[in-house]
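Both backbone and side-chain heavy atoms feed into the values below; hydrogens, waters and symmetry mates do not. Along the sequence shown, residues are numbered consecutively beginning with 1.
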Amino acid sequence: MKAICDRFVPSKCSSSSTSEKRDISSPTSLVSDSASSDNKSNLTLCSDVVASSSPVSQLCREASTSGHNPVCTTHSSWTVILKTASMASGAIRRFQDRVLGPSRTGISSSTSEIWLLGVCYKISEGESSEEADAGRVLAAFRQDFSSLILMTYRRGFEPIGDTTYTSDVNWGCMLRSGQMLFAQALLFQRLGRSWRKKDSEPADEKYLEILELFGDTEASAFSIHNLILAGESYGLAAGSWVGPYAVCRSWESLARKNKEETDDKHKSFSMAVHIVSGSEDGERGGAPILCIEDVTKTCLEFSEGETEWPPILLLVPLVLGLDRVNPRYIPSLIATFTFPQSLGILGGKPGASTYIVGVQEDKGFYLDPHDVQQVVTVKKENQDVDTSSYHCK
């Protein structure tokens with residue numbers, strides 16, 4: 001991967017907290033999209049960098065690797081971003097109800113643009129040819145959404161550690177949401193943002209290799225088994241629900257452990273992980289502080305001094321609000337989905353995590369880990385394996 005210091009974009013995220021914290025962690029991936037696009041469609045998609053007016057984001061440069069004609073404008077300040085993303089109070093309430101609440105619906109009939117992890121799908125209004133264009137755009141959106149990796153509750157796996165747990169039903173949703181985010185980061189890094197799953201073709205070996213890393217066995221580097229083991233010092237345990245901060249730190253530990261225990265040729269996770277928080281332990285609240293010197297240190301340690309900017313994953317655990325997310329943060333949360341480096345938001349409501357991947361007006365698109373499925377064994381050598389349980393139609 002090439003150095004990505006020229007694609008450095010900070011992001012915000014939110015969560016709410018009561019005595020039982022309602023947390024949302026919004027991670028942003030700074031991975032390069034070096035894979036070439038094989039999409040020959042003339043759909044009106046865009047993936048422009050949205051730059052902030054803060055000193056940190058002055059490092060940003062426009063970095064669109066898409067071959068499509070852009071239909072969304074690249075903005076140069078947070079003022080423009082918030083103006084574009086701002087909503088009426090009623091819409092904000094509906095956004096909270098639909099994203100943080102239990103309701104689940106399909107794609108609406110709205111013609112407003114859809115943002116899905118940094119890619120804009122512009123739905124045209126009108127008749128005849130414009131309607132046909134809108135249909136193609138929606139079809140492209142569906143293909144993009146269904147290509148995202150879904151991790152859900154599984155049953156029938158080998159016991160976790162010394163416990164008798166052979167399923168994570170009712171307690172593993174935050175761990176599965178974290179797996180989705182990390183798997184998506186690897187997918188974007190190795191195959192590019194333009195990659196799409198094609199049922200009519202043999203599965204890509206790199207794609208199968210990524211799924212194999214998240215298998216439900218200790219032999220898989222990023223299994224729920226190994227994540228719990230790496231996060232014991234942060235309170236992770238089989239049978240217990242945990243919040244985003246503990247999950248972020250656990251993933252940081254697991255990625256570091258994987259790097260230390262494998263040689264360069266067999267590294268499973270080839271990007272640095274940096275936690276952005278407002279205090280040393282991240283639990284005392286406060287605004288997150290993104291310090292270039294700290295990020296550079298993380299990168300140098302990861303690359304062992306070989307390069308200043310290897311690919312890096314930024315995780316930003318936050319608590320914003322009491323019984324619910326403070327409405328004033330909603331526009332900023334929505335704006336993060338326009339970043340081409342965006343990897344979405346982990347969270348939802350207490351005890352029920354989801355992986356939020358996109359927005360359209362006051363609606364949120366998310367992947368739900370709460371479906372129960374039987375364990376599936378994926379090996380990169382077996383291109384005929386059924387991976388449909390790792391995707392949502």
Could you check whether any side-chain N or O of [X] sits under 3.5 Å from a backbone N or O of [Y], counting only pairs where one atom can act as donor and the other as acceptor?
X      : Y      : value
Ser220 : Glu212 : yes
His391 : Lys197 : no
Gln184 : Leu148 : no
Thr298 : Asp294 : yes
Glu158 : Glu218 : yes
His274 : Leu313 : no
Ser177 : Leu346 : no
Ser223 : Asn226 : yes
Gln373 : Ser389 : yes

[atom2] on [Y] to [atom1] on [X], rounded to 0.5 Å:
X      : Y      : atom1 : atom2 : result
Glu205 : Glu381 : CD    : CD    : 7.0 Å
His225 : Tyr165 : NE2   : OH    : 13.0 Å
Trp251 : Leu254 : CH2   : CG    : 6.0 Å
Phe302 : Ile312 : CZ    : CD1   : 9.5 Å

Item to check | Residue of the set Trp171, Tyr355, Tyr153 for which ring-ring contact (aromatic ring centres under 6.0 Å, His included) holds with His370 | outcome: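 Per the ring-ring contact (aromatic ring centres under 6.0 Å, His included) rule, the option paired with His370 is Tyr153, out of Trp171, Tyr355, Tyr153.
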Checklist entry - Can you list the steps and then say if Phe145 with Val357 is a side-chain contact (heavy atoms from CB on, under 4.5 Å)? => result CA-CA 9 Å; Phe145 183 86; Val357 294; 3.9 Å; yes
Next on the checklist: For Leu186 and Phe214: C-alpha separation, side-chain torsions, deciding distance, then whether side-chain contact (heavy atoms from CB on, under 4.5 Å) applies.
Outcome noted: CA-CA 11 Å; Leu186 284 174; Phe214 294 86; 4.0 Å; yes
Checklist entry - For residues Arg154 and Gln374, is any side-chain donor paired with an opposing acceptor at under 3.5 Å? => result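 No, because no side-chain N or O of Arg154 sits under 3.5 Å from a partner of the opposite role on Gln374.
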Item to check | Distance-only donor-acceptor check, side chains Ser112 and Gln360, under 3.5 Å | outcome: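 Per modelled atom types, Ser112 and Gln360 side chains form no pair under 3.5 Å.
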With a 4.5 Å cut-off on side-chain heavy atoms, are [Y] and [X] touching?
X      : Y      : result
Leu236 : Leu175 : yes
Ser253 : Arg256 : yes
Val119 : Leu117 : no
Ser332 : Thr336 : no

Next on the checklist: For Phe337 together with Phe365, are the ring centres under 6.0 Å from each other?
Outcome noted: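 Between Phe365 and Phe337, the centre distance exceeds or equals 6.0 Å.
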Next on the checklist: Over 60° means perpendicular and under 30° means parallel, so tell me whether Tyr121 and Phe141 are parallel, tilted or perpendicular.
Outcome noted: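 Taking Phe141 first and then Tyr121, their aromatic rings stand perpendicular (interplane angle over 60°).
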Check for me, please, whether [X] and [Y] land in the same ILVMFWY cluster - side-chain distances under 4.5 Å, paths through other members count.
X      : Y      : result
Tyr234 : Val276 : no
Val273 : Leu300 : no
Val247 : Trp241 : yes
Phe157 : Leu229 : no
Leu211 : Val375 : yes

Return the minimal non-hydrogen interatomic distance between [X] and [Y], and the atom names on each side.
X      : Y      : value
Pro310 : Cys299 : CD-CB, 3.3 Å
Ile123 : Val137 : CG1-CG1, 4.3 Å
Val242 : Gly235 : CG1-O, 3.8 Å
Leu208 : Asn382 : CD1-O, 3.5 Å
Pro369 : Met180 : CB-CE, 3.9 Å

Checklist entry - Going through the checks in order, is the side-chain contact (heavy atoms from CB on, under 4.5 Å) test met by Ile356 and Leu333? => result CA-CA 11 Å; Ile356 307 170; Leu333 291 177; over 6 Å; no
Is the closest basic N to carboxylate O distance between [X] and [Y] below 4.0 Å?
X      : Y      : value
Asp216 : Arg155 : no
Asp144 : Arg193 : yes
Lys259 : Glu301 : no
Glu252 : Arg249 : yes

Next on the checklist: As a quick check of understanding, evaluate side-chain contact (heavy atoms from CB on, under 4.5 Å) for Leu367 and Met151, giving each step before the final call.
Outcome noted: CA-CA 8 Å; Leu367 294 171; Met151 303 285 182; over 6 Å; no
